[in-house]
Amino acid sequence: MAGKVVVVVGVPGVGKTTVINEAVRQAKEAGLQFQVLNFGDVMLELALSQGLVENRDEIRKLRVDTQMALQAEAARDIAKRASSSSVILDTHAIIKTSQGYWPGLPEPVVKALHPNHIVVVEADPQAVISRRAKDQGIRNRSDDLTAEELRFTMEVNRQAAISSAVLSGASVVFVKNEEGKAGEAAAQIVALIK
Ligand code: ATP
Ligand code: AMP
Ligand code: MG
């Protein structure tokens, strides 16, 4: 693959997509060439075409074997699209399913993507709770999690990111997305594709 591959992960609602949008703005200003891909967009397109879901938050509620088939197809598609330039990939290191925590970047996926860096976006659990509450009606992210439960999920995310890094040789970068400071988090991602 030509260029850098930066995979961005973090708990739902931590601000990955917001930070990546800000990174796009900053990178354009700096004249950097790259593309942004969203794993969930590709899985949603596939799941919609098969009549499996009506929105993106229903994907993680599907049977895990169904999700696994969608994930494999999406990974093939993304690896193909990522072959020509630097890529920022918006995705998840771990997905909380009805059958347990399931890896977003298992061996076949991470080996197809060859990431240089896995960025784990983190924030204060209380801020994530507020961000999820703000998105009620737009996204359906299970809004009843306590700060303690979120802290646990964040810890599972860290461990999943490290595991995927061990499988691929990527480095893991922890980026704090503080309230009102998505731009500062974005700058740390832009520095990785320079
Ligand atoms: P998902 O994994 O479910 O796609 P996400 O990590 O992509 O979630 P976003 O959709 O980017 O999360 O952000 C969730 C909410 O948090 C949005 O309402 C967004 O505006 C807000 N948000 C993100 N970053 C910040 C920040 N630094 N300060 C304040 N609000 C933020
Ligand atoms: P997002 O908008 O990033 O939350 O993506 C929508 C949904 O796509 C997620 O809630 C997951 O169900 C699914 N998804 C995203 N990335 C992956 C991945 N790497 N592996 C499996 N499912 C994923
Ligand atoms: Mg998102």
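When reading the values below, keep in mind they use all heavy atoms of this one structure, side chains included, and skip hydrogens, waters and symmetry mates. First listed ligand is number 1; within each ligand, the first listed atom is number 1.
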Gln159 and Glu155: side chain donor to acceptor below 3.5 Å: yes
Over 12 foreign heavy atoms within 6.0 Å of CD, Glu54: no
Any Ile95 heavy atom less than 4.0 Å to ligand 2: yes
Closest approach of any protein heavy atom to atom 20 (O) of ligand 1, naming residue and atom: Lys134 NZ, 2.8 Å
Side-chain touch Ser85/Gln33, heavy atoms, less than 4.5 angstrom: no
Atom 12 (O) of ligand 1 - nearest protein heavy atom and its distance: Gly15 N, 3.2 Å
Flag side-chain contact, heavy atom, 4.5 Å: Val14 against Lys176: no
Residue pair Val87 / Phe34, side-chain heavy-atom distance below 4.5 Å: no
Counterpart residues, salt bridge (charged side-chain N to carboxylate O under 4.0 Å, His left out), relative to Asp135 (two or more places apart): Arg141
The Mg ion (ligand 3) to nearest N/O/S of Thr17 below 2.8 Å: yes
Heavy-atom closest contact (Gln35 atom, Leu37 atom, distance): OE1-CD2, 3.9 Å
For atom 5 (P) of ligand 1, the protein heavy atom that lies nearest, with its residue and separation: Lys16 N, 3.5 Å
Shortest non-hydrogen contact from Arg60 toward Asn140: NH2-O, 2.7 Å
Closest heavy-atom pair and its distance - Asp144, Glu149: O-OE1, 4.0 Å
Min heavy-atom dist Gly10 to ligand 1 below 4.0 Å: no
Sub-4.0 Å heavy-atom approach of Arg56 to ligand 1: no
Shortest protein contact, atom 10 (O) of ligand 1 (heavy atom only): Arg141 NH2, 3.1 Å
Whether over 12 other heavy atoms sit under 6.0 Å from Lys28 NZ: no
Met43 heavy atom under 4.0 Å from ligand 2: yes
Residue, atom name and distance, where the atom is the protein heavy atom closest to atom 23 (C) of ligand 1: Thr18 OG1, 3.5 Å
Heavy-atom nearest neighbour in the protein, as seen from atom 22 (N) of ligand 1, with distance rounded to 0.1 Å: Arg131 CD, 3.7 Å
Hphob cluster co-occupancy, Val121 + Val172, side-chain heavy atoms under 4.5 angstrom: no
Contact summary for Pro103 and Gln71, nearest pair of heavy atoms: O-NE2, 3.1 Å
Test of proximity, Asn177 against ligand 1: N or O pairs below 3.5 Å: yes
N or O pair under 3.5 Å between Lys16 and ligand 2: no
Option whose closest heavy atom lies nearest to atom 7 (C) of ligand 2, chosen from Lys61, Lys96, Arg139, Arg56: Arg56
Min heavy-atom dist Arg141 to ligand 2 below 4.0 Å: no
Heavy atom of the protein closest to atom 17 (C) of ligand 1 (residue, atom name, distance): Asp135 OD2, 3.4 Å
Nearest-neighbour protein heavy atom for atom 8 (O) of ligand 1, which is reported as residue plus atom name and distance: Gly13 N, 2.9 Å
Distance from atom 20 (N) of ligand 2 to nearest protein heavy atom, with residue and atom: Gln71 NE2, 2.9 Å
Minimum non-hydrogen distance to atom 16 (N) of ligand 2, winning option of Ile59, Leu105, Thr91, Asn38: Thr91
Identity and distance of the protein heavy atom lying nearest atom 5 (O) of ligand 2: Gly40 CA, 3.5 Å
Nearest neighbour of atom 3 (O) of ligand 2 from the list Gln67, Met68, Arg60, His92, on a heavy-atom basis: His92
Glu58/Lys61 under salt bridge (Lys or Arg N to Asp or Glu O under 4.0 Å): CA gap, chis, key distance, verdict: CA-CA 5 Å; Glu58 287 175 3; Lys61 293 171 186 153; over 6 Å; no
Whether Arg132 lies under 4.0 Å from ligand 1, heavy atom: no
